[in-house]
Structures are given as C-alpha cells and as structure tokens.
Asker: 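Dropping the structure in here first, questions after.
Each chain gets a letter, A, B and so on, in the order the sequences are listed, and its residues count up from 1. Because the structure is a prediction, the values reported are computed rather than measured.
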Amino acid sequence: MKQDGVVLDPLTFKMLLDAFIKSGKFDSALEILDHVENELDLGEHTNYLMPDLYNSVLVALVRNEQLGLALTIFFKLLDSSSGERNGEGNGGVFPNAVACNEVLVALRKAGMKDEFKRVFDKLKEKGVFPLDTYGYNICIHAFGCWGELGVSLSLFKEMKEKGCPDLCTYNSLVLVLCLAGKVKDALIVWEELKGSGHEPDEITYGILIHGSSKTYRTDDATKIFSEMQYNGFRPSINVYNFLLDGYLKARKLNEACQQFEKMADDGVRASCWTYNILIDGLFRNGRPAAAYALFCDLNKKGQFVDGITYSIVTLQFCREGRLEEAIQLVEEMEARGFVVGLVTITALVIAHYRHGRWEGIERLMKHIRDGNLMPTVLKWKATMEASMKDPQSRSKDFTPMFAAEGDFNEVLRLINSADRRSDTSGDTEGVEPDKKDSLSGDTDQWSSSPYMDHLANQVGSDNHSFLPFSLSRGKRVLEKGTNSFDIDMVNTYLSIFLAKGKLSLACKLFEIFTDMGVDPVGYTYNSMMSSFVKKGYFNEAWGVLNEMGDNTCPTDIATYNVIIQGLGKMGRADLASAVLDKLLEQGGYLDIVMYNTLINALGKAGRTDEATKLFQQMRSSGINPDVVTYNTLVEVHSKADRLKDAYKFLKLMLNAGCPPNHVTDTTLDFLKEEIEKVRYQKASMKLANSDKYS
DNA sequence: TTAGGGTTAG
C-alpha cells in the first residue's frame, strides 16, 4: 500500500495498533484505524486488511479490559455490515469468531448479562450466529448461569442438528442443569453422554459430584466418586470436600468420618476448606465439643485456620447465646489480621439484639479495626428509627407495598406455571422425570441423547415457569466500603431490622434501596417473606412472592420453605403436597430444613401419620434426621396424645446417636406433664372403681 | 465449590 511514496505492510499496522492499545493509548489506536480506513487507498488489500485490523483491535481492547470501547466498535461494525462474514463480498467488516468469542467470554466473566444478550441478539439478527462450537459453548454456559436454562437447551438442540457438540458442550450442559437444581436431569444426560462416543473427564465428574452432594444425593455422589477413581482419575481436594460437605449436610456423620479417613489413605492432603467443612459439620451434627476441640487444636498449631474458620465458630457461639466468647473470638480474629466480614458482623449484631445486650455492641465496635462498617450500620439504624418516629412517616405503613390479593389460591397461582400438570398427587416419586414419556412422540428414536432432546423440546412449549428455581443461594461478599450501599449491605440492615421485628422499618429500607436502583436478590425477598409469615401477615408474604415473580428473581429452597411454613400457619398444611410437587417438578430437592418444616406443619395440623411417613421418606432418601426433626416429632406426638409414639421417637433419637439439646428439655417437660396427667387419670379411675365396689 | 437468610422450643 502506498501513501505519499511510503509503503507500509499490513503487519506493521497491526503491530502498531497493538502497541498503542497495550500502552493504554486507545484513542490513538482508533485514530490510526480510522485513518487507514478512510484516508488510505488500500487497493487490493482492502477486503482482507480492514476486517483483520478490526478483529485484532477488538481482541486487544478486550484483553486490556476496554470492554466498553470494544462493544462500541463491535456494534458499529455489525450495524454497518451487509451480512457476510469476514469481509467477504462487498467490504462487510464482521468481527470474526475469535473476536466475537473474546467479547462474549469477557462479558460473561464481568457478569454483564444485558450486554451479553445484546451482543447475542445482534449476532442472531445479522444471521452470523452460530460462530463455532466454542461460541455455542460460551453461550450455553452463560445463559445457564444466568438462570435461562431454556436458551441453553435450545442452543444445544441447534448444535446437535449441526452435529458439533463436543465434550465441553456436554460439560457446560451438565453444569447448567446442576445450577438450575435439575441434578436428576444432569445425571440422566450424563448416562447418555457415556453412550454417545464421548468419555466424561474430571470436569464432568467434579460437576456431578458437586451437584449431587449439594442436593443431598449422597448415594449418587458416592457412586460417581467411585467410578471416577475406578476410571483412573485422581479426584482433586475440592472433589473430596464436596462429598464431605454433602455427607455432613445430610447428617451422615459416619460416612463423613470415613470419607475424611479415605482422603488421608488416598494421600490427599486436607486443606483449610476441608477443616472448615468439618468444623461446621460437627457443630451441625450435634458434636459441638469435637468441633471446638478441632478448632482449638488447629488454632494452636497456627495451621489451616482462616477468617472463615473464625466466622464458623463465632456464629456457633452466637447461636448458643455465648456472646462474650463470640466477641473474644472476634477480637482474636482482628488481632491475627483476618477481615471480619459482613456475615460475622450481621450474626453478632442480631445475637446482641436478641439478648438485649447493647453494651456488647459498643465493645464490638471498639475492636473492629478499619471498621467504618459498624458505626455506619448503627448510624443508619438511628437515622431510620428517627425518620420513622416522625409523625408524618409514622402514619404511613409500608406493608401495603407487598400486599397481594388473598389466600392460598394466590400462593398456588404464584408458584404454578401454565397448569401443565394434571396429576397433583402427593407422591414425590411421581414427579421424577419420566423417561418413558420423553421417548415417545416426535423424539428421534435413534438419537444418541434422547433425554436431552426431550429437555430441549420442552423449551418454549409448556415448561415455562412463572418463578424459576435456582440451586445457587447467592454469593457472599465482604463489605465494599461504607459509601457503596450494595445489596449485601441492604441485606445486612434488613436482617437487623427484621430480627428486631421492625417490619415497617425494613419495608422503608427496602423501598429506599429499590428506589436507588439496587436490585434485591433471593436472600432479600426470603428474609422479608419469612418475617411476614412469622407475624401472620400472609397477604404481605405472598405479595413478596409476587414481586419476586415480577422481577424474575429465582426462588430457592428457602423460598419454598417459607411458603410451606406460611401454609402451615394458615392452617392449610393440606396444600403442602401440591407445593412440594411444584418444587420437585421445577427440579428442586428437599433438604433437611424443608423436611423439618414439613413435618412440623403436618404435625401441627394433626396429620401425625403423614408426618411420620415423611420421617420415613426422609431416611430412605438418604438424609438422616437431626435434633430438630426428633424434637419436632416428639412434640407433635405428645401434643396429639400419642405418648407412646413420642417416647418411641425419643428412643430413636438416642439410639441414632443424636444428642438432645435445650429444646428437647422443654419438650420433655411437656411430655412428662402429659404422662403425669395420664397417670393421675388412671389412678383416679382406679380409685373411682374401687369406691364403687367398696 | 466451606461461614449468613429458611426448621423445632420459648
């Protein structure tokens, strides 16, 4: 190419542009690009040089974290192009697959969902999507992670028609199904994957073990783990951790101990996370002394202890009401240089509220270094309370902002999709994906993955849920600073107000922050809902559910738990099974808290037999009952005058090695009184009888 | 990819 006698080759331009971008001179790079395009006569080079230059500029911008600039160029190019890829034809300058993929990956990693969608839609609109297998994989992964499983599945269907899925595609799909809580589906897809000419790799195994453990499918997780080792893969420490966590969450303490020993036998060194899982698990499995001993031991050695470890033990002290020790621990944590995060602070503040120990909070504040956080929390609290005392605002009750129409029908309407199911039996097995059905109809009998076809075919038909379900329970973040009130800060304040029962204050806070454009997350809604249900404000609770739907905020296991709790308190435990069906149909699962809530709701409604049945179902599904389960069953049976059954559950509890707690004592006091009453009755009857014959 | 919100008792 020539300009005023100077000859520059295309490579020189590329290097020049690259150098400018690397040194942060983006404007200069773009000026050069503009100059080349508009001022130079590139002659025969135009058709390949310009697209080439644009593509390398795009890639360089993305790699130098200039996503905004990259997007501007990206859309400009797409809008000015005529439809062909890579500049073939009349000078169209499309970004090539490499550049598009770079942009998409960067957007996914940055969590820029809206921008990602814009790019995706634009590519589709221009008819240039699909790019390649990698591009498809990125999109399947991204949409699935953002809760749009339907998009992922239809993309997969498209890929299959083109015959281009690879192992990464399958792994992404399995991951995305697990994230949506559809672990059962993921397991079926996995079985089919093995028959489709692909071999699972350690990524596949890791995803499945994680998904199964999280959804209490410990038997599945154990099986997959063995298969992984049998096939010659060496599971990473994380995989051991997933399984350990799963056992402890399912209250399978023995299996957890075996797994921990197996780890050592396999020559895998425990990590800090392993010990954190173990300490927390021991606390939750009724072994607080062992947990605390382990913590002290590690702490003495100065090994495998981090901020999370301290947080776990502090939280346990808060639960037990040992506030003095909790504060001491936080002081030690501070002294050792660990950050005291929002989780710990929230728990501490709430515990102090509950026990009316204000002086403890003052002391806490003194010990939290670079903590502008505590003063800010307290300042906010004061400001909010003052503003609520103002007669003008006090007259305004904020609960109506969540009010919904009415009763349990409203609940069912909210959680129901397009009334797809006619079968509403309470049999939870009935909602497992029905493979027989999926293979009938228009599915290709010869497909290598009929179940995935089935899933893909459901998309856009009648499987759309009004409220999507998510396995993810929301990320945990350290505070970002006192001036940025992000959703985590809002959640912390909300927790504090809700713990005090200050619903109006919480609603006001909710209103302020949503007005500021802060998007609530599942955690926020669940907390609000739970407080409304506890106070018996059911319309407001269902109103929150309604708003979750409007904001397409995915529900999770805790949401469903609150719904069941609410229905129980409304005296409509009979509707619990319909809700349960819905949860399982959505791919959800039952965890220990859910079982306990259900057993309580059924028991309090006088449905003791159903409660007992659920207890058995819980055990056969691989979850061991815990102290809450046994306490609930003992209480429910005592109050139903089934004293022998109550005693039976007490014995079961002790035989299972489940240590009673202070709630058990209360329940037993009640049981004792009931037994006394019965004795007294019997005695007086005897007396009456003997009187008769004397 | 481990700690918070959702379960019993009061």
Asker: Given dG6(B), dT8(B), dG4(B), identify the nucleotide with an atom nearest to the side chain of Asn631(A).
Answerer: dT8(B)

Asker: Heavy-atom count around Arg234(A) CZ within 6.0 Å, excluding the residue itself: above 12?
Answerer: no

Asker: Which of these nucleotides, dA3(B), dT8(B), dG5(B), is closest to any side-chain atom of Ser311(A)?
Answerer: dA3(B)

Asker: Assign Lys249(A) to base, sugar-phosphate, or nothing according to its heavy-atom contacts below 4.0 angstrom with the strands shown.
Answerer: sugar-phosphate

Asker: With under 30° as parallel and over 60° as perpendicular, where do the rings of Tyr630(A) and Phe615(A) fit, or are they tilted in between?
Answerer: perpendicular

Asker: Select one nucleotide: of dT8(B), dG5(B), dA3(B), the one nearest the side-chain heavy atoms of Val663(A).
Answerer: dT8(B)

Asker: Leu633(A) CG to dA9(B) P: how many Å, rounded?
Answerer: 12 Å

Asker: Which residues in residues 605-612 of chain A have at least one heavy atom lying under 4.0 Å from any atom of DNA chain B?
Answerer: none

Asker: Students often get this wrong, so: under 4.0 angstrom with heavy atoms, is Gly522(A) touching a base, only sugar-phosphate, or nothing?
Answerer: base

Asker: Scan residues 665-675 of chain A against DNA chain B and write down, sorted by residue number, each residue with any heavy atom closer than 4.0 Å; if none is found, say none.
Answerer: Thr666(A)

Asker: Is there a donor and acceptor pair, one atom on the side chain of Asp556(A) and one on the base of dG6(B), closer than 3.5 Å?
Answerer: no

Asker: Answer yes or no: does a side-chain N or O of Lys534(A) lie under 4.0 Å from OP1 or OP2 of dG5(B)?
Answerer: no

Asker: Looking at Phe670(A), is Lys639(A) sitting on its ring face, NZ or CZ under 6.0 Å from the six-membered ring centre and within 45 degrees of the normal?
Answerer: yes

Asker: Is there a side-chain hydrogen bond (donor to acceptor under 3.5 Å, both in side chains) between Asp266(A) and Tyr240(A) once you walk through the steps?
Answerer: CA-CA 10 Å; Asp266(A) 291 350; Tyr240(A) 282 89; 2.5 Å; yes

Asker: Taking only the side-chain heavy atoms of Asn600(A) (C-beta and beyond), determine which of dG4(B), dT2(B), dT8(B) contains the nearest atom.
Answerer: dT8(B)

Asker: Can you tell me which residue among Asn661(A), Asp626(A), Asn600(A), Thr667(A) is in a side-chain hydrogen bond (donor to acceptor under 3.5 Å, both in side chains) with Asn631(A)?
Answerer: Asn661(A)

Asker: How many Å lie between CE on Met529(A) and C1' on dG6(B), as a whole number?
Answerer: 10 Å

Asker: Strictly under 6.0 Å, is that where the ring centroids of Tyr205(A) and Phe233(A) end up?
Answerer: yes

Asker: What is the distance, rounded to the nearest whole Å, between atom OH of Tyr310(A) and atom C1' of dA3(B)?
Answerer: 15 Å

Asker: Would you please classify the geometry between the Tyr310(A) ring and the Phe295(A) ring as parallel, tilted or perpendicular, with 30° and 60° separating the classes?
Answerer: perpendicular

Asker: Can you tell me the distance, in whole Å, between the CD1 atom of Ile345(A) and the P atom of dG5(B)?
Answerer: 15 Å

Asker: With a 3.5 Å distance limit and no angle check, can you tell me whether Asp220(A) reaches the backbone of Ser212(A) through a side-chain donor-acceptor pair?
Answerer: no

Asker: When you measure from the side chain of Asn285(A) to the backbone of Leu248(A), do you find a donor-acceptor pair of N or O atoms at a distance under 3.5 Å?
Answerer: yes

Asker: Rounded to the nearest Å, what distance is computed from the CD1 atom of residue Ile592(A) to the P atom of nucleotide dT8(B)?
Answerer: 14 Å

Asker: For Arg251(A) and Arg319(A), find the nucleotide of DNA chain B closest to each by heavy atoms; which residue's nucleotide sits nearer the 5' end?
Answerer: Arg319(A)

Asker: Round to a whole Å and report the spacing from NZ of Lys569(A) to P of dG6(B).
Answerer: 12 Å

Asker: Using a cut-off of 4.0 Å on non-hydrogen atoms, how would the nucleic acid contact of Ile277(A) be classed: base, sugar-phosphate, or nothing?
Answerer: sugar-phosphate

Asker: Heavy atoms from C-beta onward define the side chain here; which of dA9(B), dT2(B), dA3(B) lies closest to that of Lys214(A)?
Answerer: dT2(B)

Asker: Without decimals, in angstroms, what is the distance between Ile564(A) CD1 and dT7(B) P?
Answerer: 13 Å

Asker: Could you check whether the side chain of Tyr523(A) and the base of dG4(B) have a donor-acceptor pair of N or O atoms closer than 3.5 Å, going by distance alone?
Answerer: yes

Asker: Between dA3(B), dG5(B), dT7(B), spot the one nearest the side chain of Gln565(A), thanks.
Answerer: dT7(B)

Asker: What's the CZ-C1' distance between Phe615(A) and dT8(B), to the nearest Å?
Answerer: 14 Å

Asker: Between Phe317(A) and Tyr292(A), does the ring centre distance come in under 6.0 Å?
Answerer: yes

Asker: Hey, which of these two, Thr597(A) or Asp245(A), hits DNA chain B nearer its 5' end, going by closest nucleotide?
Answerer: Asp245(A)

Asker: Can you check salt bridge (charged side-chain N to carboxylate O under 4.0 Å, His left out) on Lys613(A) and Asp609(A), steps first, answer last?
Answerer: CA-CA 6 Å; Lys613(A) 215 178 123 194; Asp609(A) 290 332; over 6 Å; no

